Structures are given as structure tokens and as C-alpha cells.
Amino acid sequence: MNVTVDGVPVSAQPGQTVAAVVPSVVFCGIGVCFDCLVEVNGVQDVRACQRVLVDGDSVRTRS
Ligand code: FES
């Protein structure tokens, strides 16, 4: 699969979460701390450690 992170093309495997391609934003990794919020396809405040990537996703780590 191909996704973008802050406009940069990144390869991802099916089933991987956003956290797998932007590990720098992850803290607890289990959906508890809410410190891994990113924007996915224009939707803000998505938990990177919980959102499974789909082909073509656009992830933004800063607004
Ligand atoms: S890393 Fe803690 S909620 Fe995602």
C-alpha cells in the first residue's frame, strides 16, 4: 500500500496502523494516552496507534 505522511510517500503493509509509519508520535501504543493524535484524510484527532492504514491515506502529523 502507498500512503503519505506530511506529503511524503511511504510504503505500508496491510494491517499496519498509522503508528507503524510515524512511530515518533506514539507513547503508550495501546489507545490510552491520546498523545498520538494525527490528522488522517482531513479528519483531526485520530489516534495513530489505533487507526489501521488503508491504501491512499494521507496522514499529517502537524497542523
Ligand atoms: S500512543 Fe497512546 S493513545 Fe496512541
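Read the numbers this way: they start at 1 and go in the same order the structure lists the ligands and their atoms. Predicted model only: the values in this text are computed from it and were never measured.
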Backbone N/O of Val18 and side chain of Arg51: donor-acceptor pair under 3.5 Å: no

Shortest protein contact, atom 3 (S) of ligand 1 (heavy atom only): Phe34 N, 3.2 Å

Can you tell me how far [atom2] of [Y] sits from [atom1] of [X], rounded to the nearest 0.5 angstrom?
X: Gln44; Y: Leu37; atom1: CD; atom2: CG; result: 10.0 Å
X: Arg60; Y: Asp6; atom1: CZ; atom2: CG; result: 6.0 Å
X: Thr4; Y: Asn41; atom1: OG1; atom2: CG; result: 8.0 Å

With atoms numbered from 1 as shown, which atoms in ligand 1 lie under 4.0 angstrom from a non-hydrogen atom of [X]?
X: Val26; value: 1 (S)
X: Cys28; value: 1 (S), 2 (Fe), 3 (S)
X: Cys33; value: 1 (S), 2 (Fe), 3 (S)
X: Gly31; value: 3 (S)

Of the listed options Ala48, Pro23, Ala19, Gly29, closest to atom 1 (S) of ligand 1 (non-hydrogen atoms): Gly29

Contact flag Cys36/atom 2 (Fe) of ligand 1, N/O/S atoms, threshold under 2.8 Å: no

Smallest separation among heavy atoms of Asp57 and Val52, with atom names: OD2-O, 4.3 Å

For Val26 against Cys36, the heavy-atom pair lying closest together: CA-CB, 4.2 Å

side-chain contact (heavy atoms from CB on, under 4.5 Å) partner of Val3, chosen from Val8, Val10, Val59: Val10

Part of Val32 within contact of ligand 1 (heavy atoms, under 4.0 Å): backbone

Atom 4 (Fe) of ligand 1 contact by Cys49, N, O or S atom under 2.8 Å: yes

